[in-house]
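Computation of the quantities below employed the complete heavy-atom set of this structure, encompassing side-chain atoms and omitting hydrogens, waters and symmetry-equivalent molecules.
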Amino acid sequence: MRELMLGNKAVARGLYEAGCKVISSYPGTPSTEITEEAAVYEEIYCEWAPNEKVALEVAHGSSLGGVRSACAMKHVGLNVAADPLFTISYQGVSAGLVICVADDPGMHSSQNEQDSRHYAKAAKIPMLEPSDSAECLLFAKKAFEMSEQFHTPVLLRLCTRISHSQGVVDTGERLVPEQIPYEKDPARVMMTGNSRAAHVRVEERTRQLVALAENCDLNRVERGEGKLGIITSSACYQYVKEVFGESASVLKLGMVYPLPEKMIREFADSVEQVVVIEELDPVIEEHCKQLGIQVAGKDLFPICGEFSQNLVRSCLGRQVPAGRQVEDRIPGRPPVMCAGCPHRGIFYVLQKQKCMVYGDIGCYTLGALPPLDAMDLNVCMGASCSGLHGFNKAMGEQGERNSVGVIGDSTFIHSGITGITDIAYNGSNSTVIILDNSITGMTGHQQNPTTGKNLRGEPACKVDLEALCHALGFHRVRVVDPYDLAETERVLAEELAAREPSIIISRRPCVMIKGTVHEKSLKVDQEKCKGCRACMKIGCPAISVQDGKARIDTTLCVGCKVCTQMCRFGALEMQQ
């Protein structure tokens, strides 16, 4: 059956057809839809894990239990999963284990632009890289076969354009291999002696995988008419084909680690000039140069950002056809928190109090933007808690009285718990604000252990944040409604003044949660409005100023009434 599918949906279909039975993941754009689409199939057990490390360990455990398993994450999530990744490479798998990782060139929704191919090389794990939706399905199935043939996890690398573009896919039937019986093997215990022997096996496995790369159908040469040869992979392959058509020969790599050697040498010998076109780091280019092959690459193409057809043309000195030029500058549209977002009130108060705010990863990171300007820095998930502790250890009382960490409920479960444990255990008078909006917001409203529902929306254990914080050693745990600015400001002042660690839980569900019933929108009494713009200080997209007076977009306003607390003239009122 033929179907138009997103790359992520095609991966999920490939996992399904390959007989995958367990998928554990943590949501992260651009990888999230892989697990969400897989959850549509009742034959696959799917779950959201607290973080990527846990997800990979769950998937590996399922592999050792004898069933094909997978996990999915974005590139920075692979950093979190790196600890088990390297040892699993040594220990090996029983049934197939596929690790789907989606990179984000251009940083559309990420805090860095790392290239996950380095992990394949460092952990000595094969990596496949599809270039369209059809290959997403095919490569997912091939990855399981390779995993079981070589007793290794296999990385399936996507990028934003492959994950979120659509292509035609031919679907097939689901074939489930027999479950592999578990057998006790003392060599799997990764102590020093066993690990040394395992490393030898891994190096031999890599040599075998290189031999496979030389002849497998994942890597192919497409002969063209000209003297130019291009080595490429992933989305760049699509750009190359659109720009060059049949005028250049192309070595299309679908297996990007380990890379072939003989195949690349023979391809280079068959053309007069070789150009490597790859996004982000010069991984393929450096491999070619190590083989003694003269190639052009990052001397022509940027090492930063996402590529495009026009970029490929211009970097190689080709004129961009008039019909393919994008001459009009699209007006800037900076991201903004939604109208009625519960995080807006807390950030307004923090900005008003001129606090140093150590931020974290989530939709609340938008609190760094004008007019709130209420976030000083962020690093990675969970860093707000441990980073704040270190900041206050350096600053002493001066920092403790005027600094906070902010972290979302899902991010707190992901990696904030250990950070606040450090605060309580090693004693800094730090104040952490948990922004509990009852959902994982930034990646599209996935459930998490604080929501009381699992991935499929079924009832599940719900973490009691107050009880957890008390159990970790916090005596001061306060809950505020961020729509109540006066109360939020009072509690913040009290906790900053306290001479012991404290937690503030800012609790109000995300206004975008499906099924949420909103209040009537507000309106502006034009007679009372003085045009002072005080209501604009919270940066709500539903409020604007026209002809010197405030205006409310009733299609956006959810009636949160935060703006009414800003107006000294009572000009903002509920619709009757």
Side-chain angles (χ1 to χ4, degrees), residues 1-20 23 29-44 46 68 70 72 74 98 100-106 108 127-146 154-175 216-224 230 232-256 277-279 306-310 312 323-324 444:
M1 179 177 175
R2 309 200 90 187
E3 186 176 340
L4 191 65
M5 288 187 181
L6 283 175
N8 281 346
K9 183 176 181 179
V11 170
R13 180 68 193 189
L15 300 177
Y16 167 78
E17 290 184 11
C20 181
I23 300 177
T29 305
S31 70
T32 306
E33 297 87 359
I34 295 174
T35 308
E36 290 179 327
E37 292 290 352
V40 172
Y41 302 109
E42 294 183 356
E43 299 92 332
I44 307 177
C46 295
R68 288 184 168 181
K74 66 185 295 178
V98 175
C100 308
V101 56
D103 286 4
D104 190 20
H108 298 281
M127 174 179 274
L128 309 184
E129 192 170 39
S131 62
D132 57 29
S133 295
E135 286 190 347
C136 284
L137 189 155
L138 174 64
F139 283 24
K141 296 166 73 172
K142 292 277 190 182
F144 276 119
E145 295 172 7
M146 188 178 295
V154 175
L155 288 160
L156 183 67
R157 181 190 186 232
L158 297 92
C159 64
T160 301
R161 291 301 161 202
I162 302 302
S163 290
H164 290 162
S165 63
Q166 295 192 82
V168 176
V169 172
D170 290 315
T171 60
E173 298 298 319
R174 174 173 168 86
L175 299 175
C216 71
D217 55 2
L218 301 175
N219 301 326
R220 66 175 183 267
V221 174
E222 299 177 0
R223 291 295 173 192
I230 297 174
T232 189
S233 66
S234 189
C236 290
Y237 167 76
Q238 302 294 348
Y239 307 147
V240 166
K241 295 300 291 184
E242 183 168 333
V243 171
F244 291 95
E246 302 300 321
S247 65
S249 294
V250 177
L251 172 52
K252 194 269 188 191
L253 296 170
M255 184 173 179
V256 293
I277 302 180
E278 56 185 328
E279 287 180 326
E306 186 178 37
F307 286 13
S308 67
Q309 295 91 331
N310 286 353
V312 171
R324 297 186 181 276

Sidechain-backbone polar pair: T171 side chain, M1 backbone, donor-acceptor under 3.5 Å: yes
Can you see which heavy atom on A102 is nearest to which on S31, and at what distance? CB-CB, 3.8 Å
With sequence neighbours left out, write down each residue that passes ring pair (Phe, Tyr, Trp, His ring centres under 6.0 Å) with F307, or none if nothing qualifies. F301
Quick one: list whatever passes salt bridge (charged side-chain N to carboxylate O under 4.0 Å, His left out) with R174, sequence neighbours left out. none
Could you pull out all residues at least two apart from A39 that satisfy side chain to side chain contact (heavy atoms under 4.5 Å, CB included)? C46, L455, R456
E36: partners by side-chain hydrogen bond (donor to acceptor under 3.5 Å, both in side chains), with sequence neighbours left out: Q446
Residue pairs, two or more places apart or on separate chains, that pass salt bridge (charged side-chain N to carboxylate O under 4.0 Å, His left out) and touch residues 156-173: R2-D170, D103-R157, D115-R157, E129-R157, R161-E306
Audit row: R13, E17, salt bridge (Lys or Arg N to Asp or Glu O under 4.0 Å) steps and yes/no: CA-CA 6 Å; R13 180 68 193 189; E17 290 184 11; 2.8 Å; yes
The salt bridge (charged side-chain N to carboxylate O under 4.0 Å, His left out) partners of K142 (sequence neighbours excluded) come to D217
Would you say the side-chain atoms of K74 pair up with the backbone N or O of T29, donor to acceptor, closer than 3.5 Å? yes
By ring pair (Phe, Tyr, Trp, His ring centres under 6.0 Å), which residues pair with F144, not counting sequence neighbours? none
Looking at residues at least two apart in the chain, or sitting in another chain, which of them share a side-chain hydrogen bond (donor to acceptor under 3.5 Å, both in side chains) with Q166? none
Who passes side chain to side chain contact (heavy atoms under 4.5 Å, CB included) against N219, sequence neighbours left out? A213, C216, L253, M255, P260, M263
Can you list everything that forms a ring pair (Phe, Tyr, Trp, His ring centres under 6.0 Å) with F244? Sequence neighbours excluded, please. none
For T160, check side-chain hydrogen bond (donor to acceptor under 3.5 Å, both in side chains) against everything at least two apart and list the hits. D104
Name all residues meeting the side-chain hydrogen bond (donor to acceptor under 3.5 Å, both in side chains) criterion together with E222; count only those two or more places apart in sequence or in a different chain, and write none if there are none. R220, Y237, K241
Between CG on residue L218 and CZ on residue F139, distance to nearest 0.5 Å: 4.5 Å
